[in-house]
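Everything below concerns the one structure shown next.
Each chain gets a letter, A, B and so on, in the order the sequences are listed, and its residues count up from 1. For the numbers below, each heavy atom of this structure counts, side chains included, while hydrogens, waters and symmetry mates do not.
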Amino acid sequence: MEQDLSYFKNFGEQVEQRISKLDNFAQRNQPAYPPRVIRNHTAAEAIKMFEEAEAALPEDSEEKPQLSVEVAGRWVAVRIMGKSAFAHIEDGSGRLQIYLKKNELGTELYDVFKKDFDLGDFVAVQGYLFRTRTGEVTVQVDNYQLASKALHPLPEKWHGLKDVETRYRQRYLDLVANPEVRDIFRKRSRVISAMRKYLDGEGFLEVETPALQPIYGGAMARPFTTHHNALDMELFLRISDELYLKRLIVGGIDKVYEICKDFRNEGISTKHNPEFTMMECYWAYADYQDVMVLVENMIAFIAQEVLGTTKVVFNGQAVDLTPPWKRLNLAEGIKEQTGIDIFDTYPDVKALWAECQQRKLDVSPQPTWGKLVDELLGEYLEPTIVDPVFIHTFPLDISPLSKQSPDDPRVVERFEAFVAGMEIGNAYSELNDPIAQRRRFIDQQQTTDEEAHVMDDDYVIALMQGMPPTGGLGIGVDRVVMLLTDQQSIREVILFPHMRARE
RNA sequence: GAGCCGUUAGCUCAGCCGGUAGAGCAACUGCCUUUUAAGCAGUGGGUCGUGGGUUCGAGUCCCACACGGCUCACCA
């Protein structure tokens with residue numbers, strides 16, 4: 001079976017050496033990539049089994065447990081001392097030391113291990129368990145097989161893999177080399193499990209709604225555009241699932257949620273990936289105040305499930321997630337931080353801008369009063385927040401899907417949840433008046449804003465069918481994971497963050 | 001999209017005022033039967049991100065480009 005290996009030989013000296021070892025296996029009639037190997041124990045199971053057997057022996061016993069195991073894993077470290085060698089293999093459960101002795105294995109098996117096996121290879125070993133002089137539970141190997149050959153060497157054992165670009169582009173290397181990275185993604189998985197557990201426990205029904213949408217909506221963002229060939233129609237990747245979930249509220253699913261990817265065609269930063277994970281839930285007969293309680297309880301529950309505490313550290317700062325969280329009126333917060341009473345200028349963006357200029361505030365110009373208020377929030381309120389705060393009562397013009405406040409037409413019943421300088425959630429009492437909703441869509445069209453909501457007639461028609469008073473919520477799942485794993489970059493909590501193509 | 005910083009062996013990093021490229025780990029060859037960043041002796045391995053330019057001579061200086069990181073802008 002002559003094969004052209006020139007492609008692989010361009011990867012350098014060490015790859016070439018490993019490829020040449022494939023011949024040695026072939027000549028011994030041993031597959032380098034066997035379809036299966038014997039494996040009856042994980043590394044962790046083997047260790048646990050031995051420890052339990054030890055504990056079962058009488059206190060003063062000289063006996064040692066006699067247990068044989070069949071384990072397999074990636075060979076990650078070795079210490080060869082002439083006629084014997086210690087090595088570590090690693091599987092999904094952890095590391096296990098193995099011990100190979102020439103006089104136990106026989107010359108041939110022992111020499112083959114030294115000669116044709118490399119760090120990074122997967123091996124299956126059979127043997128019996130013992131405890132070394134230093135106390136480590138170890139497999140004394142009496143037989144072994146290659147489970148899968150690695151042609152590329154592992155990253156450095158002590159410093160791990162540091163190069164950020166390689167870590168993201170070849171995440172498998174990052175996971176192999178850096179145990180703390182594996183831990184982040186285990187936690188991520190548990191955060192999402194805990195979130196489901198909480199919502200399911202509260203009686204929410206998990207659903208799936210379209211990612212390909214003929215009309216995008218539910219958020220202020222630019223969409224990705226795509227095309228369906230058979231239907232010859234333009235489609236958008238969802239920027240939010242909000243308008244679909246609320247149709248389900250209309251349909252009588254009173255408590256509903258979805259955890260899914262949203263796609264926003266905007267800049268990439270340490271807090272933004274073009275596709276990100278969002279949890280949205282809608283709760284009939286609840287309002288934004290009820291949703292605040294849900295958020296603080298849910299986040300505290302998740303922290304407790306994943307970390308065993310509601311007190312975390314983020315970026316060197318202690319953050320206490322224990323409910324209840326602080327409630328802060330947006331206008332009052334801005335007044336505290338900047339001295340500006342935003343309602344003095346309502347709804348005149350020019351007057352508010354002049355006010356900002358006069359106070360020499362570091363804000364950029366915005367098309368509307370509401371957007372400028374939001375800018376003030378982002379610049380002067382958000383950075384001051386460490387412990388969680390619900391900032392509530394938002395300008396109406398930047399909240400086209402939220403219900404107007406009954407005692408102030410300028411604002412809506414909406415809040416955003418901030419923790420450690422990050423926005424992690426956005427929620428409101430849902431606008432369920434179809435006439436008002438249509439008006440708000442039309443108002444959005446009047447703005448020149450590229451991110452303005454587009455008219456969604458089907459959604460308005462759904463509201464005409466009647467939607468109960470409803471509280472809705474969106475939680476940035478990646479942000480929650482960042483918070484609970486103390487990661488300052490969203491790329492550290494996304495397995496394959498978006499990267500520019502090379503060459 | 002803008003500013004700043006980075007890109008040297010498989011990995012982690014040195015490389016001064018411009019003078020033929022270095023270390024540790026990994027690899028290879030020996031020695032070594034309880035080690036765990038094992039140890040000892042020796043050897044090989046480089047398009048210095050890419051392309052131009054300056055210069056007798058460029059990893060080093062200049063310009064452009066690529067990719068990445070951070071900050072900013074937009075957003076969750």
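Across all strands, Ser364(A) comes closer than 4.0 Å only to sugar-phosphate atoms, never to a base (heavy-atom distances). Across all strands, Leu154(A) comes closer than 4.0 Å to no nucleic acid atom at all (heavy-atom distances). Base contact: Gly82(A) has a heavy atom under 4.0 Å from a base atom. The residue Gly160(A) sits close only to the backbone: its heavy atoms come under 4.0 Å of sugar-phosphate atoms, none of a base. Residue-level contact check: Asn273(A) touches the bases, meaning some heavy atom is under 4.0 Å from a base atom. Across all strands shown, Phe11(A) has no heavy atoms under 4.0 Å from either base or sugar-phosphate atoms. If you check every strand for non-hydrogen atoms under 4.0 Å, Lys115(A) touches nothing. At a threshold of 4.0 angstrom between heavy atoms, the contacts of Gln140(A) with the nucleic acid are absent. Within the 4.0 angstrom heavy-atom criterion, no nucleotide atom of any strand lies near Tyr110(A). Counting any heavy atom pair closer than 4.0 Å across all strands shown, Arg169(A) reaches sugar-phosphate atoms only and no base atom.
The base of A26(B) sits with one of its N or O atoms less than 3.5 Å from a complementary donor or acceptor on the side chain of Gln14(A). Scanning atom types as modelled, one donor and one acceptor separated by under 3.5 angstrom connect the side chain of Arg79(A) and the base of U35(B). A donor N or O paired with an acceptor N or O is not found under 3.5 Å between the base of U34(B) and the side-chain atoms of Ser84(A).
Using a 4.0 Å cut-off between charged side-chain N and carboxylate O, Asp116(A) and Arg28(A) make a salt bridge. Ionic pairing of Glu492(A) and Arg188(A) is not present here: no N-O contact between side-chain nitrogen and carboxylate oxygen is shorter than 4.0 angstrom. A salt bridge does not link Asp387(A) with Lys326(A): none of the charged nitrogens is closer than 4.0 Å to a carboxylate oxygen.
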Point to revise | Worked verdict on Gln488(A) versus Thr270(A) for side-chain hydrogen bond (donor to acceptor under 3.5 Å, both in side chains) | key: CA-CA 7 Å; Gln488(A) 274 70 59; Thr270(A) 48; over 6 Å; no
Review point. Between Ser240(A) and Asp262(A), is a side-chain hydrogen bond (donor to acceptor under 3.5 Å, both in side chains) present by the stated rule, with each step listed?
Key: CA-CA 6 Å; Ser240(A) 162; Asp262(A) 287 348; 4.9 Å; no
Check your understanding: Please walk me through it: do His152(A) and Gln170(A) pass side-chain hydrogen bond (donor to acceptor under 3.5 Å, both in side chains)?
Key -> CA-CA 13 Å; His152(A) 213 282; Gln170(A) 295 175 267; over 6 Å; no
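In this structure, Asp111(A) atom CG and G30(B) atom P are separated by 10 Å, rounded to whole Å. Rounded to whole Å, the distance from CD on Glu165(A) to C1' on A66(B) is 10 Å. Going from atom CZ of Arg500(A) over to atom C1' of G69(B) covers 13 Å, rounded to whole Å. Between the OH atom of Tyr128(A) and the P atom of U34(B) there is a distance of 14 Å, given to the nearest Å. Look at CD1 on Ile490(A): it is 8 Å from C1' on A76(B), rounded to the nearest Å. To the nearest angstrom, C1' of U12(B) lies 10 Å from CG of Leu161(A).
Considering only side-chain N and O atoms, Thr277(A) lies nowhere under 4.0 angstrom from the phosphate OP1 or OP2 of A76(B). For the OP1/OP2 pair of C28(B) and a distance below 4.0 Å, the side-chain nitrogens and oxygens of Lys21(A) include at least one atom meeting the criterion. Dashed line: the shortest gap from a side-chain N or O of Thr138(A) to OP1 or OP2 of U35(B) is not under 4.0 Å. Contact check, Arg491(A) against G69(B): a side-chain N or O comes under 4.0 Å of OP1 or OP2. OP1 and OP2 of C11(B) both lie 4.0 Å or more from every side-chain N or O belonging to Lys162(A).
Partners of Phe117(A) according to the ring pair (Phe, Tyr, Trp, His ring centres under 6.0 Å) rule, which considers only residues two or more places apart in sequence or in another chain, are Phe25(A), Phe113(A), Tyr144(A). For Tyr172(A), there are no ring pair (Phe, Tyr, Trp, His ring centres under 6.0 Å) partners, not counting sequence neighbours. Residues forming a side-chain hydrogen bond (donor to acceptor under 3.5 Å, both in side chains) with Arg414(A) (at least two apart in sequence, or on another chain): Ser399(A), Glu416(A), Asn426(A). When the salt bridge (Lys or Arg N to Asp or Glu O under 4.0 Å) test is applied to Asp443(A), the partners found at least two apart in sequence or on another chain are Arg439(A). Annotation: ring pair (Phe, Tyr, Trp, His ring centres under 6.0 Å) contacts of Tyr168(A) (sequence neighbours excluded): none. For Phe224(A), the ring pair (Phe, Tyr, Trp, His ring centres under 6.0 Å) criterion is met by no residue, not counting sequence neighbours.
Using a 30° and 60° split on the angle between ring planes, Tyr99(A) and Phe86(A) fall in the parallel class, below 30°. Aromatic ring pairs are classed by plane angle as parallel below 30°, tilted from 30° to 60° and perpendicular above 60°; the pair Phe301(A) and Tyr198(A) is tilted. Note: Phe415(A) and Phe390(A) have perpendicular aromatic rings, judged against thresholds of 30 and 60 degrees for the angle between ring planes.
Aromatic rings from Tyr288(A) and Tyr428(A) are positioned such that their centres are separated by 6.0 Å or more.
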Do any N or O atoms of the protein come closer than 3.5 Å to N or O atoms of nucleotides 46-50 of chain B, and which pairs are they?
none

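Of the P atoms belonging to G15(B) and A9(B), the separation is 15 Å, rounded to the nearest Å. Only the C1' atoms considered, C67(B) is 29 Å distant from C16(B), to the nearest whole Å. C61(B) sits 25 Å from C70(B) when the P atoms are compared, rounded to a whole Å. Using atom P as the reference point in both C48(B) and U71(B), the two lie 32 Å apart (nearest Å).
Against the 90° criterion about 0, the sugar-base torsion of C17(B) places it in the syn range.
Summary of the strand contacts: Met499(A) and Gly476(A) both lie near RNA chain B, and taking for each the nucleotide with the nearest heavy atom, the more 5' one is attributed to Met499(A).
Separating the NE2 atom in His41(A) from the CE atom in Met49(A) is a distance of 4.5 Å, to the nearest 0.5 Å.
A38(B) has no base stacking with the ring of Phe86(A) when judged by centroids under 5.5 angstrom apart and an interplanar angle below 30°.
Within a heavy-atom distance below 4.0 Å of RNA chain B, the residues of residues 414-429 of chain A found are Glu423(A). Contacts with RNA chain B (heavy atom under 4.0 Å) in residues 90-107 of chain A: Gln97(A), Tyr99(A), Lys101(A), Asn103(A), listed by number. For residues 377-385 of chain A, proximity to RNA chain B is found at Glu379(A), defined as any non-hydrogen atom under 4.0 angstrom from a strand atom. Using a 4.0 Å cut-off on heavy atoms, the residues of residues 260-267 of chain A that approach RNA chain B are Arg264(A), Glu266(A), listed by number.
In RNA chain B, stems built from 3 or more consecutive Watson-Crick or G-U wobble pairs, each with both distances under 3.5 Å, span B:1-7 with B:66-72, B:10-13 with B:22-25, B:27-31 with B:39-43, B:49-53 with B:61-65.
Considering only the side chain of Leu119(A), A27(B) comes nearest among A27(B), A76(B), G44(B).
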